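Only a predicted model underlies this, so the values are computations on that prediction, with no experimental measurement involved.
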Amino acid sequence: MFKYYFKRYSVFLFFYVALGLIVTFVLGIKDFVNLDTSFWALSKTGFSGIAFLLMEFCFAAVPLSAYLFVLPKKFHNSVFDKYFTGVMFVIFFYLITFISVSQYFFWDEFSSRFNFIAVDYLVYTQEVIANIYQSYPIVTILLCIFVLSIAIWYLFRNTFTCPKCKAPSAKKRLLVLAVNILLCAVIVRGTSISWGDVTNNRYNNELAKSGPYCFVYAFFHNELDYKSFFITEPQDKADKILAQKLQGPKITFKNGDLPYYVKSSGKEIKANVVIVLMESMGAKFLDATKDPGEPEVTPNLSRLASEGVYFPHAYSTGTRTVRGIEAVTLSMPPLPGMSIVRRQGNENLHGIGSIFNDRGYKSEFLYGGFGYFDNMNHYFGSNGFDIVDRMSLEDDEITFSNAWGVCDEDIFARAIKEADKTYKQKKPFFQFILTTSNHRPFTYPAGKIDIASGTGRRGAVKYSDYAVGKFIKDASKKPWFDNTVFVFVADHGPGSSGKQELAPKEHRIPVIIYAPKIFKAKTYDMPVSQMDVAPTLLSLLNFSYKSNFFGRDATQKDYKTRIFINNYQDVGMIEDGIMTVLKPVKQVDFFKGDSPNPLPDKQRYQPYLDTAVSYLQKADQWKLHLRK
């Protein structure tokens, strides 16, 4: 049996390992000056690379193992077997060669094996395909790979079967398939990408891994190592700059580093707090900032804005809900890659929830959808929040639902029930509510507004506004209403397109802090960041607390606009009208206004770069400074 399987697998294994080593060798030559070329370092790099290739081949061999199991014994080594195996080999060789070529081009741009950026390409398929076609002779490359695959098959066409070998029994073939799958399971559960970190040289460590393994790992982890791919500066310098930028009349740094201490001079207001994170509610939808000529679709939010503390020019940190959650609950800038909400190790963090919990509040996360989506239940549940999601709602509480969850009216109604319950327990409450109705397919209960359900974004916006109005109306009848602060803030805008890679206008969102019995109405017209929501709210409540927040109190006279926005790979900071964009690999560009053209003379804007780096470099250490 050993000889039979060795013969069947050997050609596949040979070319898989050979192509993998050729790619590693070519990439090593390309960046030879950056490698640790000591004998021991190169040896560890090479052996580690082979180990990763052999682990990958276990997965690549599963289709062949399955084919050999299901093929009746009498057909083994037949003409059909020979040519069908040949077809499998052509497909196999074509794919691994295509991956090898892709690795070269990816390395050429990023000096790295596949990582989150490669995974990100799956999200931006249209742009990526267009870029590939414009950058490389892709048709010629694909045709050449195909011709090469046919040629290699032809040269080795007589080596895929073993006519002199007796085919194993079905039981033995099943055993081989089972062992193959078991090895794959062991690799999934028992190996780590860190095994490739065999030296102190990043280039060696990248070569010590392999592209497919790194791609799959990035797909499930979605993190981009900041220090490896983005500009850094000495930590002492970064800490000093950050402390200067965060300094204010109420703030004291004891060690020149996070955390700092906020001391309020007024009497603390122990009000209930309800934060409503509104799906895709861009500022342009509100009547004060809507596009000219468009009919009003947010009369309720516009009324609340006029009666509350209103920031019409706030900017979201990202283009996904988890970014909004991160910015509002942790008050931190967006790191490249995944939001902290989806990252491992995000338990027991110091954020707005822990500040309320320390004061005896009952904190709840309420969501009309299934909270396992985007790891939200785990994030909130591991940071002191009770969870109320679609699974918590009874059938008679649901009047309408779609793929994303129950309608906004239903989750607001449940929020009022939860508030009533906590009020009866004589405890203050903090609710974080995430809405869903303003999301494709844009469906909502019929007869609520004058725009038919499912007809588009404007109807969903108007229904979402209607639900907010009903929520406030119903809540106003409750005994706890007068002592409750409502915060309405969008998670992000409805789009992210623009001439620039980072389009600030598409990030503009409203922030409304509504508590007519507690705060006087006032509008702040300057631009503010979504990560300013928490420190601004706590300042209005006159809270004194230990803080790791990167945002600032936007009501202070010394407030200076500093906005961070992100599109997964790139992070931009806007200050004084200059947008500093940090991108892989350790690149930076500067833009002014809406111009898509980078500014010349980068050295002139070094202070902005220093500021952006100080924020992001410290944010990258979130597992250290956010721990309670």
- Task: Taking the six-membered ring for Trp and the full ring for Phe, Tyr or His, determine whether the centres of F430 and Y361 are under 6.0 Å apart.
- Result: no

- Message: Tell me if the aromatic rings of Y608 and F590 count as close, with their centers under 6.0 Å from one another.
- Response: no

- Pairs where residues 361-382 contributes a residue and the test salt bridge (charged side-chain N to carboxylate O under 4.0 Å, His left out) is met, not counting sequence neighbours: R320-D374, R342-D374, K362-E364

Drop me the distance from [X]'s [atom1] to [Y]'s [atom2], to the nearest 0.5 angstrom.
{"X": "D389", "Y": "R414", "atom1": "CG", "atom2": "CZ", "answer": "9.5 Å"}
{"X": "D570", "Y": "N566", "atom1": "CG", "atom2": "CG", "answer": "8.0 Å"}
{"X": "K623", "Y": "E347", "atom1": "NZ", "atom2": "CD", "answer": "8.5 Å"}
{"X": "Y226", "Y": "L582", "atom1": "OH", "atom2": "CG", "answer": "5.0 Å"}
{"X": "F373", "Y": "R390", "atom1": "CZ", "atom2": "CZ", "answer": "13.5 Å"}
{"X": "S302", "Y": "I512", "atom1": "OG", "atom2": "CD1", "answer": "7.5 Å"}

List the atom of [X], the atom of [Y], and the distance in Å for their closest heavy-atom pair.
{"X": "P334", "Y": "F564", "value": "CD-CB, 3.6 Å"}
{"X": "F481", "Y": "I472", "value": "CE1-O, 4.1 Å"}
{"X": "I325", "Y": "Y379", "value": "CG2-CE2, 3.8 Å"}
{"X": "K267", "Y": "N542", "value": "O-ND2, 3.0 Å"}
{"X": "A327", "Y": "Q530", "value": "CB-OE1, 3.5 Å"}
{"X": "T422", "Y": "P428", "value": "CG2-O, 4.0 Å"}

Check for a donor-acceptor pair, side chain of [X] on one end and backbone N or O of [Y] on the other, with a separation under 3.5 Å.
{"X": "Q431", "Y": "A415", "result": "yes"}
{"X": "Q621", "Y": "K618", "result": "no"}
{"X": "D408", "Y": "S464", "result": "no"}
{"X": "E418", "Y": "F429", "result": "no"}
{"X": "T329", "Y": "I352", "result": "no"}
{"X": "S544", "Y": "S264", "result": "yes"}
{"X": "T436", "Y": "G368", "result": "no"}
{"X": "E575", "Y": "R562", "result": "no"}
{"X": "N346", "Y": "R343", "result": "yes"}
{"X": "S331", "Y": "M531", "result": "yes"}

Do the rings of [X] and [Y] sit parallel, tilted or perpendicular, given the 30° and 60° boundaries?
{"X": "W404", "Y": "H439", "value": "tilted"}
{"X": "F471", "Y": "F412", "value": "parallel"}
{"X": "F380", "Y": "F365", "value": "parallel"}
{"X": "F432", "Y": "F385", "value": "perpendicular"}
{"X": "Y514", "Y": "F486", "value": "tilted"}

Can you confirm whether [X] sits close enough to [Y] that some side-chain heavy atom of one is under 4.5 Å from a side-chain heavy atom of the other?
{"X": "P259", "Y": "H350", "result": "no"}
{"X": "H507", "Y": "H492", "result": "no"}
{"X": "L335", "Y": "E326", "result": "no"}
{"X": "D420", "Y": "W480", "result": "yes"}
{"X": "T317", "Y": "I565", "result": "no"}
{"X": "P510", "Y": "Y310", "result": "yes"}
{"X": "C407", "Y": "Y463", "result": "yes"}

Establish, from distance only, whether the side-chain atoms of [X] and [Y] form a donor-acceptor pair under 3.5 Å.
{"X": "T484", "Y": "N272", "result": "yes"}
{"X": "Y444", "Y": "N402", "result": "no"}
{"X": "T321", "Y": "E279", "result": "yes"}
{"X": "S363", "Y": "N357", "result": "yes"}
{"X": "N548", "Y": "W622", "result": "no"}
{"X": "N348", "Y": "N383", "result": "no"}
{"X": "D553", "Y": "S539", "result": "yes"}

- Show your reasoning for whether side-chain contact (heavy atoms from CB on, under 4.5 Å) applies to I509 and F311. CA-CA 9 Å; I509 59 172; F311 300 89; over 6 Å; no

- Query: When you look at CE of M526, are more than 12 heavy atoms from neighbouring residues, nucleotides or ligands closer to it than 6.0 Å?
  - Reply: yes

- Query: When you look at NZ of K250, are more than 12 heavy atoms from neighbouring residues, nucleotides or ligands closer to it than 6.0 Å?
  - Reply: yes

Would you call [X]-[Y] a salt bridge at under 4.0 Å N-O?
{"X": "E296", "Y": "K462", "answer": "no"}
{"X": "K470", "Y": "D474", "answer": "yes"}
{"X": "D491", "Y": "R323", "answer": "no"}

- Item | side-chain contact (heavy atoms from CB on, under 4.5 Å) between D465 and V297, worked out | CA-CA 7 Å; D465 176 80; V297 290; over 6 Å; no

- Query: Among T523, L286, V511, whose side chain to side chain contact (heavy atoms under 4.5 Å, CB included) with P312 holds?
  - Reply: T523

- Note on the structure: Tested for side chain to side chain contact (heavy atoms under 4.5 Å, CB included) against V276, the lone hit among L434, L366, T435 is T435

- Message: The test is side-chain contact (heavy atoms from CB on, under 4.5 Å); show your working for L616 and V571 and say whether it passes.
- Response: CA-CA 9 Å; L616 295 171; V571 183; 3.8 Å; yes

- Item | S529 and Y315: CA distance, side-chain angles, deciding distance, side-chain contact (heavy atoms from CB on, under 4.5 Å) verdict | CA-CA 5 Å; S529 172; Y315 288 80; 5.8 Å; no

- Query: Between T561, D532, T536, D558, which is the residue that forms a side-chain hydrogen bond (donor to acceptor under 3.5 Å, both in side chains) with R552?
  - Reply: D558

- Task: Show your working on side chain to side chain donor-acceptor pair (under 3.5 Å) between N438 and S280 and close with a plain yes or no.
- Result: CA-CA 6 Å; N438 188 22; S280 303; 4.9 Å; no

- Query: Between R359 and F543, is NZ or CZ placed under 6.0 angstrom from the six-membered ring centre and within 45° of the ring axis?
  - Reply: yes

